[in-house]
2 protein chains.
Amino acid sequence: MHMKTGVEQSVYALVLLNMLPDKAVLSGEAISQQLGASATYFQKLLRKLVTADIITSVPGIKGGFKLKKRPEDIRVYDVYLAVEGQQSLYSSNGILVDMLDLEKEDSCCLLTNLMEEAESSWKAVLKRETIASLSEEMRGERFKDKIAALEEWVSNKMVI
Amino acid sequence: MHMKTGVEQSVYALVLLNMLPDKAVLSGEAISQQLGASATYFQKLLRKLVTADIITSVPGIKGGFKLKKRPEDIRVYDVYLAVEGQQSLYSSNGILVDMLDLEKEDSCCLLTNLMEEAESSWKAVLKRETIASLSEEMRGERFKDKIAALEEWVSNKMVI
DNA sequence: ATAAAGCGGATAAACAATATCCACTTTATA
DNA sequence: TATAAAGTGGATATTGTTTATCCGCTTTAT
């Protein structure tokens, strides 16, 4: 039970896209390079973000990706959902139903309610931060002098 | 990102062991049969529960497993921990460190704090229920007439 | 027209979870 | 005291999921 690395990668990809000026895009290849991710595979992840209406893709030469929503409207939770899908962390295997010889329709499990609550509570925390708040955090004191290089890289790689 | 089925299996195994009278044990084979689990593999899971001091194993003929702690002292969380290990749901891949060219020691990630909070909050819910509370729930109205067969099975399979 | 970008499907590689096998130790009992 | 039935630990196979690659396709600025 471990979160896919694709979630972290996607979040940082969105932080990168959030550094773009209006109308500009970054190519999938450029993004994966900056993230140190496999380019061909990361394209698949970018597609999931497109499907989830988090980013927009522009085909053709001078194409690429940019944010579709405002960064303050993209929660970490939305990214998680887009990348990992909507399946729950827990799903019963119907062991109790078998042990007690219940009807299939009962779909009863002593753990399901508890696990659903736990998951909700977990998700609630992921809804607290957004791409905007993470971007702001990155621009804080701590990385003051390291940000410039990244901003320059974005300027060089972006396409308008 | 999905919880192993071993967690559900282990919880129900413990509920079964909780039906045993004092000093009695159930063999690993009997338990796996009742759970519909692979016997040889489930032995490995039982071992994890032994290592975690949740159950005791008795070797030799007339051997088997029984609870080591009182059922009200075994939280669902403890079972999860025993089966899945103590690794976190999320661990950073150091993408930000690479992007900003930080020192390795910084081990900095915008997501780590958030994810740790989320996980704590998730775990807190798993600490709420115990084998005792789940056993009680199983004995409630809903399964009134289905419990007898299971109790009889336990009586037949147990060894004192 | 062409080159550079995204799209979608098929497939491979890597890894983790599940399952099996076997030689070993332990212990009740005939 | 030999034996049968139980757990133990290691090696290994099977299965499933995640990550990665490849290729032919569409889109669009020049």
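Here is how names work: the chains are called A, B, and so on, in the same order as the sequence lines, proteins then strands, and each is numbered from 1.
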Closest nucleotide among C:dT18, D:dT8, D:dT21 to the A:Ser38 side chain: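 The listed nucleotide nearest to A:Ser38's side chain is D:dT21.
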Crowding at CD, A:Glu136 (>12 non-hydrogen neighbours, <6.0 Å): no
Within this structure, what is the [atom1]-to-[atom2] distance between [X] and [N], rounded to whole angstrom?
X	N	atom1	atom2	answer
A:Lys157	C:dA5	NZ	C1'	14 Å
A:Tyr41	C:dG6	OH	C1'	18 Å
A:Glu29	D:dT21	CD	P	12 Å
A:Ile55	C:dA5	CD1	P	16 Å
A:Leu26	C:dG6	CG	C1'	14 Å
A:Met158	C:dA4	CE	P	20 Å
B:His2	C:dC15	NE2	C1'	19 Å
A:Ile160	C:dA5	CD1	C1'	17 Å

For a quick test of reading the model: is some side-chain N or O of [X] closer than 4.0 Å to OP1 or OP2 of [N]?
X	N	result
A:Thr5	D:dT18	no
A:Arg47	C:dG8	yes
B:Ser57	D:dT8	yes

Distance, nearest 0.5 Å, that separates CH2 of A:Trp122 from OG of B:Ser120: 13.0 Å
Pair A:Ser92, A:Thr112: side-chain N/O donor-acceptor within cut-off below 3.5 Å: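 No donor-acceptor contact under 3.5 Å links the two side chains.
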Side-chain donor-acceptor pair present, B:Asn93, A:Thr5, cut-off under 3.5 Å: no
Option among A:Lys69, A:Lys68, A:Lys48 that satisfies the salt bridge (Lys or Arg N to Asp or Glu O under 4.0 Å) test with A:Asp53: A:Lys68
Touch class at under 4.0 angstrom, heavy-atom based, for A:Met1 against every strand present: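 Result for A:Met1 = sugar-phosphate.
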Sugar-phosphate only, base, or nothing, as touched by B:Thr40 at under 4.0 Å among non-hydrogen atoms: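 The answer is base, as B:Thr40 lies within the cut-off (heavy atoms under 4.0 Å) of a base atom.
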Minimum heavy-atom distance A:Leu20-A:Met158, with the two atoms named: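 For A:Leu20 versus A:Met158, the nearest heavy atoms are CD2-CB, 3.5 Å.
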Shortest non-hydrogen contact from A:Cys108 toward B:Phe143: SG-CZ, 3.2 Å
Distance-only donor-acceptor test (3.5 Å): side chain B:Lys44, base D:dG10: yes
Contact pattern, 5' to 3', of nucleotides 22-30 of chain C - B, S or - by protein heavy atom under 4.0 Å: ----BBBS-
